[in-house]
Amino acid sequence: QVQLVESGGGLVQAGGSLRLSCAASVSAFSSYAMGWFRQAPGKEREFVGAISWSGGSRYYADSVKGRFTISRDNAKNTVYLQMSSLKPEDAAVYYCAACAMLDNSRDMYEYDYWGQGTQVTVSS
């Protein structure tokens, strides 16, 4: 069983930055690809970014490319999402997720474990 706990959400002005963290309680964290997704009110959950087991490959949604950076520290069982130049449309609940079978995926249905989410609010 994998437990994921997100933190770092909050209220930020447009143009500002936040760093989200996701701590995993699992013995083989480095064997999981990790992803970040988000869901705004009334909208479907959408892919934000993913990082491979080793951290060597990273993938982003077009809407966040160049502004968000995903990284991981396998020694700390933690994945991060550094968000910069935030826009009001980035406001959502952000979820991290772990994928056991693939090196990376944009498909939420490929992920096996999910955190509870952390709220990001961006004021204009």
Side-chain angles (χ1 to χ4, degrees):
Q1 186 71 17
V2 177
Q3 290 187 327
L4 304 173
V5 179
E6 302 96 336
S7 61
L11 172 64
V12 64
Q13 288 188 332
S17 300
L18 278 177
R19 188 177 82 155
L20 306 183
S21 300
C22 173
S25 61
V26 62
S27 59
F29 177 71
S30 61
S31 67
Y32 290 86
M34 299 297 295
W36 285 96
F37 293 78
R38 67 187 182 186
Q39 188 167 18
K43 295 187 177 181
E44 295 186 349
R45 192 168 299 189
E46 65 175 0
F47 171 77
V48 174
I51 187 166
S52 61
W53 304 323
S54 67
S57 298
R58 307 175 193 194
Y59 306 87
Y60 299 96
D62 289 342
S63 60
V64 307
K65 200 172 295 182
R67 300 188 297 121
F68 290 12
T69 302
I70 189 170
S71 61
R72 67 189 295 162
D73 185 339
N74 287 341
K76 295 182 178 180
N77 281 17
T78 302
V79 62
Y80 304 96
L81 184 68
Q82 177 67 49
M83 306 185 294
S84 302
S85 302
L86 282 161
K87 305 175 181 180
E89 52 263 42
D90 294 318
V93 177
Y94 282 71
Y95 300 89
C96 72
C99 177
M101 298 303 294
L102 300 174
D103 190 38
N104 71 86
S105 177
R106 298 171 181 262
D107 184 350
M108 61 181 289
Y109 298 104
E110 298 287 357
Y111 286 79
D112 306 286
Y113 303 100
W114 291 82
Q116 294 299 305
T118 185
Q119 178 72 51
V120 172
T121 304
V122 184
S123 63
S124 57

**Student:** Rounded at 0.5 Å granularity, tell me how far OH in Tyr111 sits from SG in Cys99.
**Tutor:**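 Nearest 0.5 Å value for the OH-SG distance: 5.5 Å.
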**Student:** Using every non-hydrogen atom in the two residues, find where Ser105 and Ala50 come nearest and quote the distance to one decimal.
**Tutor:** O-CB, 3.8 Å
**Student:** Is there a side-chain contact between Asp107 and Leu102 (heavy atoms, below 4.5 Å)?
**Tutor:** no
**Student:** Roughly how far, to the nearest 0.5 Å, is the CZ atom of Arg67 from the CG atom of Leu86?
**Tutor:** 6.5 Å
**Student:** Rounded to the nearest 0.5 Å, what separates atom CG in Asp73 from atom CZ in Phe29?
**Tutor:** 8.5 Å
**Student:** Take atom NZ of Lys43 as the centre, draw a 6.0 Å sphere, and report whether it contains more than 12 heavy atoms from other residues, nucleotides or ligands.
**Tutor:**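 No.
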**Student:** So which atom in Pro88 and which in Ser124 form the shortest heavy-atom distance, rounded to 0.1 Å?
**Tutor:**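 Heavy atoms only, the tightest pair is CG-CB, 3.9 Å.
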**Student:** Taking side chain as C-beta onward, heavy atoms only, is Met83 less than 4.5 Å from Tyr94?
**Tutor:**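 SC-SC contact between Met83 and Tyr94 confirmed.
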**Student:** Kindly work out whether a path of hydrophobic side-chain contacts (I/L/V/M/F/W/Y, heavy atoms less than 4.5 Å apart) joins Tyr109 to Phe47.
**Tutor:** yes
**Student:** As a quick check of understanding, evaluate side chain to side chain contact (heavy atoms under 4.5 Å, CB included) for Arg38 and Ser63, giving each step before the final call.
**Tutor:** CA-CA 12 Å; Arg38 67 187 182 186; Ser63 60; 3.5 Å; yes
**Student:** Taking Gln13 for the side chain and Ser123 for the main chain, is one N or O donor matched with an acceptor at less than 3.5 Å?
**Tutor:** no
**Student:** Could you check whether any side-chain heavy atom of Tyr95 comes within less than 4.5 Å of a side-chain heavy atom of Leu20, counting everything from C-beta outward?
**Tutor:**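 No - every pair of side-chain heavy atoms lies 4.5 Å or more apart.
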**Student:** Is the shortest distance from a Lys or Arg side-chain nitrogen in Lys87 or Asp90 to a carboxylate oxygen in the other one below 4.0 Å?
**Tutor:**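 So Lys87 does not pair with Asp90 through a salt bridge.
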**Student:** Any donor and acceptor pair, going by atom type alone, linking the side chain of Asp103 with main-chain N or O of Ala33 inside 3.5 Å?
**Tutor:** no
**Student:** Are Trp114 and Leu4 close enough that some pair of their side-chain heavy atoms sits under 4.5 Å apart?
**Tutor:** no
**Student:** Counting neighbours of CD on Gln119 that are heavy atoms of other residues, nucleotides or ligands and sit closer than 6.0 Å, is the number greater than 12?
**Tutor:**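 Check passes, neighbour count above 12.
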**Student:** Same cluster or not: are Met34 and Tyr80 linked, directly or through other Ile, Leu, Val, Met, Phe, Trp or Tyr residues, by side-chain heavy atoms under 4.5 angstrom apart?
**Tutor:**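 Met34 and Tyr80: separate clusters.
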**Student:** Looking only at heavy atoms, what is the nearest atom pair of Arg72 and Ser52, with distance?
**Tutor:**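 So the minimum-distance heavy-atom pair works out to NH1-O, 2.8 Å.
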**Student:** Count I, L, V, M, F, W, Y as connected when their side-chain heavy atoms are under 4.5 Å apart, and connections chain through other members. Are Met108 and Val120 then in the same cluster?
**Tutor:**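 Different clusters: Met108 never reaches Val120 through Ile, Leu, Val, Met, Phe, Trp or Tyr contacts under 4.5 Å.
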**Student:** Could you grab the distance from atom OG of Ser71 to atom CZ of Arg58, nearest 0.5 Å is fine?
**Tutor:** 6.0 Å
**Student:** Work out which heavy atom in Val26 is nearest to a heavy atom in Asn77; give both atom names and the distance.
**Tutor:**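 The pair with the smallest heavy-atom distance is O-ND2, 2.8 Å.
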**Student:** Do you know which two heavy atoms are closest between Ser31 and Ala28, and how far apart they sit?
**Tutor:** OG-O, 2.6 Å
**Student:** What distance separates Phe68 CZ from Trp36 CH2, expressed to the nearest 0.5 Å?
**Tutor:**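 One finds 11.0 Å between CZ of Phe68 and CH2 of Trp36.
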**Student:** Can you tell me how far the CD atom of Gln116 sits from the SG atom of Cys96, to the nearest 0.5 Å?
**Tutor:**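 If we round to the nearest 0.5 Å, Gln116:CD and Cys96:SG are 10.0 Å apart.
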**Student:** Search all heavy atoms of Thr78 against all heavy atoms of Ser21 and return the closest pair with its distance.
**Tutor:** CG2-CB, 4.3 Å
**Student:** Group every Ile, Leu, Val, Met, Phe, Trp and Tyr by side-chain heavy-atom contacts under 4.5 Å, then state whether Trp53 and Ile70 land in the same group.
**Tutor:** no
**Student:** Against Arg106, only a single residue in Phe37, Tyr59, Tyr60 fulfils side chain to side chain contact (heavy atoms under 4.5 Å, CB included); can you say which?
**Tutor:** Tyr59
**Student:** Is any side-chain heavy atom of Asp112 closer than 4.5 Å to a side-chain heavy atom of Val2?
**Tutor:**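 Counting from C-beta outward, Asp112 and Val2 never come under 4.5 Å.
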